[in-house]
Amino acid sequence: MTAMSYNVNGKTYQFDADPGMPLLWVIRDIIGLTGTKYGCGVEICKACTVWIDGSPEKSCDMNASEGVGRKITTIEGLSATPVGVRLQKAFIDCQAPQCGYCQSGMLMAAAKFVTSNSKPTDSQIDSALGNICACGTYPRVKQAIKSATGQPT
Amino acid sequence: MSKRTETKAGTVSRRAFLGGGATVVAMFALDAAPGSKMARAIAASLPADTAGGAVNGWILINADNSVSIAFGGAEMGQGILTGLAQAAAEELMVAWSQVRTQVAPTSQSYITGGSFGIRANFQKMRIAGAQARGVLLAAAAATWGVDASACTVSDGVITNAVTSATLTYAQVAKSAAALTPPAAPTLTDASKFRMVGRSMARLDLPSKVDGSAVFGIDVRVPGMLYAAVKNCPTIGGTLARTPATPSGVIAVVPLGNAVAVVASNTWAAFKAASSLSVAWTIPTAAAQLTTSTISSQAQTLMATGTAGSPAAERVGDAPGAYGAATTRIESTYQLPYLPHVCMEVLNCTASVTPTSCEVWVPTQAASWVQATAMAITGLPAAAVTVHPTLLGGGLGRKIEQDYVSQAISVSKAVGKPVKLTWRREEDLSHDQYRPMGLVRVRLGADSGGRLTSIATRTVAPSPLAQRGWMAPTGNDNVEGAEGLPYAAANRLVEYVKHPAAVPVGFWRSVGNSINCFAVESALDELAVALKQDPLAYRRSLLAGDPRTLAVLDRAAADIGWSTVPAKGVARGIALSNGFGSIVALAVEVSQPTVGVMKVNRVACAVDCGLAVNPGQVESQMQGGIIQGIGTAFWGQTTFSKGVASSRNFSNTRMLLMKETPSITVSILQSGLESLGGIGEVAVPPTAPALANAWFKLTGTRMRSLPFFPGANRMDD
């Protein structure tokens, strides 16, 4: 066990953890922010996507020690960003989520993507969002991203 | 519910639904059964949670004049939380912005499956809303000393038509709660609906875009420990002895066919469980549970097995008519075991004490969870409280009790609250799979091409038989084969039970997912043999069923069936009529590289009677089609000596956004009387529509699912 300090959504958290514990489980079990989801643990489904220093990363693929000294943003912090608010509103306007389980990861990926691509095409959205959604919300997620970027849906 | 559950459960399940801070002024406990005169006012909370209790409270009026509508089902993405609230709110005559929802007690819960959520509860919720409106109006009228007929209501505000005075629902709720509700209230005529039939915004979505939604896996109970399981890798195997507790682990709990590891966080439990060395006792019968063996047993049963008697459907003399037919098609279709693949892995949180048991769980069957807890703890129903959470997908898997009983047993063993979570690898390799199936279809047509006989023979393991609920006809196993809309004077639907001991369960659309593929593929083969267009041929068989014909025609029109497709593109069509609804799919596919299918476009038409929330009907169609494509392409679990092949997404490929075609959905509405289910119905016609289009494109008939078993890998 190692004493660590995290900055998550602008707040500081101090705790002891096994440095090998994936960041995902630090966020969920130790810090207690459960919006970030476990889906596979092997870096495929992307349900666990968070921002590390502003870049979307799969939190199941990072060790606890790698989160130290970084600026971590989770779904719970998304509404503090203008782009996040825009995306959240578009996801609701388009009624995108079904079960909702993968949507935290979808939103974290989408919000970062539209920051660097203000008018994405369909194929750019397809390439950017490799998140697995078993409910099949893809058409509406795509619609929401286009809506959030002021494009006709 | 006890005070304790208010504070503990409130932190996890209720707050997520209520958005916090709802103050209950009064609650109408309404017996929704017409004719009942029971009405009770219960302040401050939902009624005590007694199994099978008579209290039937659905509507709460809050201090801020919002209304909380109790929800007794499972919200797993299909939107019934919202759809049923629409039914009650319609009759209650409140604005949608006033509507909240609240988890109903277990006694009011219902099993969520079979696409019955709306069908079974829509009318009940309308009556509950109308009864509440009735007493609220009566209370206001009494306050003013006028007849209720002199009062009108809009958005939860009652107006005295004579004096123009107003009272809110909240202002009269307490006195209203003491009144007897009308036993058979007048319901709004369907032509006057202002909320039902519209795409009202889902009540659960705000919590699903900011991380606040509480799924089972998110439950946190003070003082809880974390458990992970290692299920015996081999079906039927049991623990030979309890392994020693590794260092860093709090406890190891034997569970018969599994072992649980309890630790201080999920990851520590996962790590310990996956590295735990366990001795299992493997039954010799497990050696038979190999896919090739199961398949050859199915072939033998197809040839010589005894079908259940009586047959599920027997009209005329199908074998005789087949023998006399001018054109005959006999084709056999093979389908694999399928995992459910809910995005939220199985999990359950339990807190067992000598006198109580609380369970927080993503479940499709809260009352079964209660029964499971009673069986394990020996406690009476009154001592068991179930807190159903949102489900990160259910698909039929979360009706089962395996993960529930594990969590309760572990909490009982360690004497502390425990959240038990299955690693994805456990979730996929210890599913209760959609059964494999072997289906033979024999179709006979006369010299004029008219279908004279249709005979299906389905060989498959039975989820019902494994539970001892089996009728000889085959029950769920013949869905999608019996009651077909096509005109044929001679029909025979047979089922032969396959005894394989692979655990099987209810997978989205159940038997329809198997038989629809066979029937709709075979019809296509017959149309080809008769040199007829597959759409035109189906149309000729549906002359007596205008409702089904309209759905088929709509899908065909939407894909542009009468036009010539682009070069390198071919179309296919298929029809399904399960769960009281009718769905037709027309698809366009192409072959970008040899042997690779690309789905370019899907046109879906559906008639579910009345679309309570058309936006959600569209979502369910899109989602079912997307699941249908992914599973048709790659979905399967194979077995080797009782060990399942599925591990993680690495070998369980899911359709991604970039592979998703354009999907249009047209909703036809034949009326409230024909209210049908919607959650499962888009899955069955997807695979045959694709196979039919692929044949048109390539001349190769796909009679075995999945189409591309070798392409099932995904990586990061």
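If you're wondering where the values come from, they're calculated on a predicted model, not measured in any experiment. Residue numbers start from 1 in every chain, and the chains themselves are labelled A, B, ... in the order their sequence lines are given, proteins ahead of strands.
Chain A forms more heavy-atom pairs under 4.5 Å with one residue of Leu655(B), Val341(B), Thr266(B), Thr660(B) than with any other, namely Thr266(B). Note: Met21(A) leads Gln103(A), Glu76(A), Met21(A) in heavy-atom pairs under 4.5 Å with chain B. The residue among Lys271(B), Arg423(B), Met343(B) with the most heavy atom pairs within less than 4.5 Å of chain A is Met343(B). Between chain B and the residues Asn131(A), Leu107(A), Ile30(A), the largest count of heavy-atom pairs under 4.5 Å involves Leu107(A). Looking only at heavy-atom pairs under 4.5 Å with chain A, the residue among Gln78(B), Lys658(B), Lys208(B), Met714(B) that has the most is Lys208(B). Heavy-atom pairs under 4.5 Å with chain B were tallied for Cys133(A), Gly20(A), Gly77(A), Cys102(A); the largest tally goes to Gly20(A). Among Thr421(B), Leu656(B), Ile626(B), the residue making the largest number of heavy-atom pairs under 4.5 Å with chain A is Leu656(B).
Proximity to chain A is absent for every atom of Pro661(B), based on heavy atoms less than 4.5 angstrom apart. Of the atoms belonging to Ser650(B), heavy atoms from both backbone and side chain fall under 4.5 Å from chain A. No part of Ala17(A) comes within reach of chain B, as not one of its non-hydrogen atoms sits under 4.5 angstrom from that chain. Of the atoms belonging to Met621(B), not a single heavy atom falls under 4.5 Å from chain A.
Scanning all heavy atoms of the two residues, the minimum distance from Gly211(B) to Ser104(A) falls at CA-OG, 4.5 Å. Taking each heavy atom of Met654(B) and Ala134(A) in turn, the nearest pair found is CE-CB, 3.7 Å. Residue Gly39(A) comes nearest to Phe649(B) through the heavy atom pair O-CE1, 3.7 Å, listed as atom of the first residue, atom of the second, then distance. Smallest separation of non-hydrogen atoms from Phe215(B) and Gly100(A): CZ-C, 3.8 Å.
Between Lys37(A) and Asp218(B) the shortest side-chain heavy-atom distance falls below 4.5 Å. Taking the side chain as every heavy atom from C-beta outward, Ile92(A) and Pro206(B) approach each other to under 4.5 Å.
Distance alone, capped at 3.5 Å, places no donor-acceptor pair between the Gln95(A) side chain and the Gln616(B) backbone. Side-chain atoms of Gln98(A) come within 3.5 Å of backbone atoms of Ser619(B) as a donor-acceptor pair (strictly under, hydrogens ignored).
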Distance-only donor-acceptor pairs under 3.5 Å for side chains of residues 79-90 of chain A, two or more places apart:
from     : atom 1 : to        : atom 2 : distance (Å)
Thr81(A) : OG1    : Leu78(A)  : O      : 2.8
Thr81(A) : OG1    : Gly84(A)  : N      : 3.0
Arg86(A) : NE     : Ala148(A) : O      : 3.1
Gln88(A) : NE2    : Val209(B) : O      : 2.8
Lys89(A) : NZ     : Asp93(A)  : OD2    : 2.6

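Close approach to chain B, defined as a heavy atom under 4.5 Å from one of its heavy atoms, is seen in Ile125(A), Asp126(A), Leu129(A), Gly130(A) of residues 119-130 of chain A, taken by number. The interface of residues 135-147 of chain A with chain B, defined by heavy-atom distances below 4.5 Å, comprises Cys135(A), Gly136(A), Tyr138(A), Pro139(A), Arg140(A), Val141(A), Lys142(A). Contact annotation for residues 42-62 of chain A against chain B (heavy-atom separation below 4.5 Å, listed by residue number): Val42(A), Glu43(A), Ile44(A), Cys45(A), Lys58(A).
More than 12 heavy-atom neighbours from other residues, nucleotides or ligands sit within 6.0 angstrom of CZ on Arg647(B).
The line from CG of Asn265(B) to CZ of Arg28(A) is 12.0 Å long, rounded to the nearest 0.5 Å. Of the inter-residue distances, the one linking Asp210(B) atom CG with Phe91(A) atom CZ reads 13.0 Å to the nearest 0.5 angstrom. In this structure, Ile217(B) CD1 and Tyr38(A) OH are separated by 7.5 Å, a value rounded to the nearest 0.5 Å.
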